[in-house]
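I have placed the structure first, in the form of structure tokens, so that the comments after it can refer back to it.
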Amino acid sequence: MASQLVRFADWTSPVPPVRREVLSALPHPDEGRPPLLFVPGLGHAAWAFREHWLGHAAQRGYAAYAISPRENGSLRAYVHDVVQAAAGLPRQAVLIGHGAGALLVAQALARYPAKAAVLSAPVLGGWSALGTALRTNPRGTLPVLFGGPLKLHRRQLFAADLPEADGYVNRLTRAPLRVYRQVFEAPDPQPPVGSPPTLVVGSPDDRIVTRKALDRAAARFGGAPLLFPGLGHDLMLDANWQEPIDAILDWLEKQLAA
Amino acid sequence: MPDTPDIADRRDAVCVIGAGASGLVTVKNLREQGFAVDCYERETGVGGAWNWRHDRSPVYSSTHLISSRPLTEFPDFPMPDDWPDYPHHSQLLSYLERYADHFGLRDDIWFGTEVVAVTPGGEGRWDVTTRSTGGGEERVQRYAAVVVANGHNWSPKPLGVDTSRFSGRVMLASAYKDPAQLRGRKVLVIGGGNTGCDIAVEAAQQAEKVWHSTRRGYWYTPKFLFGRPADQVNARALRLRLPLRVRQWLYHRTVRLTVGDVTRYGLSEPDHRPYESHPVVNSQLVYHLGHGRITPVCDVARAEGSIVELTDGRRLEPDLVIAATGYLPRFDFLTPDLLDVDEDGRPDLHLHAFARHHPTLAVVGLLQADAGLLPLAHWQSVAVARWLRLRVTDPVHAAAVQQKESSRPLRSWTRLRVVPSSRHWFEVSHTNYLRALEDLLREMEPA
Ligand SMILES: Cc1cc2nc3c(=O)[nH]c(=O)nc-3n(C[C@H](O)[C@H](O)[C@H](O)COP(=O)(O)OP(=O)(O)OC[C@H]3O[C@@H](n4cnc5c(N)ncnc54)[C@H](O)[C@@H]3O)c2cc1C
Ligand SMILES: NC(=O)c1ccc[n+]([C@@H]2O[C@H](COP(=O)([O-])OP(=O)(O)OC[C@H]3O[C@@H](n4cnc5c(N)ncnc54)[C@H](OP(=O)(O)O)[C@@H]3O)[C@@H](O)[C@H]2O)c1
């Protein structure tokens, strides 16, 4: 494993700075709970959390932030942006990554001692992620193997017959191709610093992340996954969005009290 | 030792002395290992040397880092990426203040409280005597371990020359704060470290006349090489694992091609190879030499009346002498045997951090490197915290680690070939040092 102390890549070619888009919803009054930083997966951006989760978390007393991926980024640059955003918050933050955003969080955890972490419908990279993608969405995924874009369709993302679904799918953007490849080729993340409690959430009806993948992620980060049957991959946008975020915040409250 | 009633027992808590960069990381990393921590800080704020309002701060108004941002930031709390390559000292202070707030460290820090004595309390425990800075009632508390993070850049090294009969003003570099102090003066700056060079450059822009006295020649590294901070260029060469001799040759070539032959300006030829003394990083010294604003001179022999006489017999008439002769470590609250301090005042610690005969006593930040100190202090404190944890959870494993570490050759982590001077007591190559710490961390992992 690469040295965790001698970090030549960080020292000799630092990631160039950009203006980052960070959306937020703040509680009134702020009683000092740890801030939450939501990290979207590929194709998504901060807006996906602004729809419901940011506001809901703020109502429950948490300063909630969501970051968008930089334009023309790379996996390394995205992880850098997550760590920068987290370190820029006034207090030690909770990182919550969705989809491939969970991979960003898992990698960021090796670079920032989060208060806690949540991996939601995690795509943790590696070729098994590609295998799953091929099985569940062959037509959308195959082009990736030949240098084309990954295509997601609404049935994969949402279980409910959401009236907004088409609107959401239209807002999806394409991450640069190299990022998809970097996700599939991503090595196992280095161990987290500061041993934050970590929760895995997902849905058995997710058409992108299989139940097996959820179990594997949970086994790796401790515990069993919290499951929300009936929801699609995009837990934060589906009709039943409130259930998972409430469960996440309940879990968090328990961790903070411990 | 019997318990005396006036000693408050803090049981498993660890005492940290100082809330500069090193103390702050230590508090955070001890807490991550589950320790209760009491940190004592004689000043009323965090930041140590980087808080230039502190009476002992060696920092002056124009100080910018000499190590670049990526090589200076904490490895788990980066500086904002839109900061300059070499941030200003005020940015470093705000960074340390944000670090303290982000991790809620102030709750564990007792400000305005000075540690005046640390004595063994039996069974590896320590009795720590504190009082309000500058006086007041003393209080003794017993701790399971003590980590010293009191800094080593605040107690000035005396200038070997008697200046009591000199009629001009003599000032220690630590008292120099602002260029206004130089305006219109005839200034002699003594010392060729980073402080001496920075002050000579400031004087070149403010003073009427500037002499810069060094007792040997140095390699002055420009802040930027090939458009990158010099330490990042150096890290590239280290990454390729080029042998020292090759790096020395490359360094020599690069400086020759960019800065050129500095003896043309009257500087003496270095009496050592590149990388054999602590890096002096300054692009402007040579520039002002070339403008004739700084006159380089040799060592000072004596000072009397209005005259300063040099070892080559030259006589100068400065009205202000600034001694930038560096700093010495000082541990007034410990008896010298605890840190194996020799008669010169040099402590002898395993990895410059662990007291050899006291497994619950360590020092963090007692280092100097070819890169920033903060990452080194971070990993030192991680190692100290894990070590203290291991002693509690698995004493057998801890004993094995101690056994193995005690035979670690010095060569694996220290810089052996450096100019013999007290300024190099704690000089390390940051990559070698980090690798040694990583080995130790690995040894301490559960089997
Ligand atoms: C001019 C200058 C420029 C520098 N530039 C760089 C640079 O570019 N990059 C770099 O990495 N490093 C640089 N350094 C080194 C610098 O010293 C370190 O970066 C850092 O400040 C060291 O932190 P520290 O916590 O070890 O010590 P300090 O910052 O000195 O902190 C020690 C703290 O302990 C407290 N203390 C001491 N004794 C007691 C006691 N008995 N009881 C209670 N509290 C006590 C002090 O009040 C202080 O707050 C520079 C140093 C100088 C002098
Ligand atoms: N801008 C910055 O970031 C910055 C600025 C200043 C300092 N620093 C850091 O702070 C630390 C201290 O630096 P420093 O420059 O104050 O001290 P230093 O590195 O110890 O340099 C002291 C200088 O004074 C000379 N000297 C020592 N005793 C002397 C004596 N009795 N007579 C004549 N000359 C004598 C030394 O010569 P020898 O070489 O012969 O011993 C050396 O040239 C270093 O780690 C440095 O990198 C950083």
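Note on naming: letters A, B, ... go to the chains in the order of the sequence lines (proteins, then strands), and numbering restarts at 1 for each one.
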Does the gap between the ring centers of A/Y65 and A/F49 come in under 6.0 Å?
no
Given A/A110, A/G194, A/S195, A/S13, the one with more heavy-atom pairs under 4.5 angstrom with chain B than any other is A/G194
With chain A as the partner, which of B/R31, B/R236, B/E73 has the greatest number of non-hydrogen pairs under 4.5 Å?
B/R236
Does any N or O in the side chain of A/R7 come within less than 3.5 Å of the main-chain N or O of B/P75, such that one atom is a donor and the other an acceptor?
yes
Would you say B/S68 and B/Q232 are linked by a side-chain donor-acceptor pair, where the criterion is simply a distance under 3.5 Å?
yes
Enter the distance from B/E438:CD to B/W379:CH2 here, rounded to the nearest 0.5 Å.
7.5 Å
What part of A/P113 lies closer than 4.5 angstrom to a heavy atom of chain B: side chain, backbone, both or neither?
both
Under 4.5 Å to a heavy atom of chain A? For B/H430 that would be side chain
Parallel, tilted or perpendicular: which one describes the rings of A/W11 and A/F8, with boundaries at 30° and 60°?
perpendicular
Proximal component of A/A86, with respect to chain B [non-hydrogen, under 4.5 Å]
backbone
A/Q92-B/H102 side chain donor-acceptor pair, cut-off 3.5 Å:
no
Counting heavy-atom pairs under 4.5 angstrom with chain A, the leader among B/L238, B/V233, B/L441 is B/L238
Contacting moiety of B/R228, where chain A heavy atoms sit under 4.5 Å:
side chain
Counting heavy-atom pairs under 4.5 Å with chain B, which one of A/V193, A/L89, A/D10 comes out on top?
A/L89
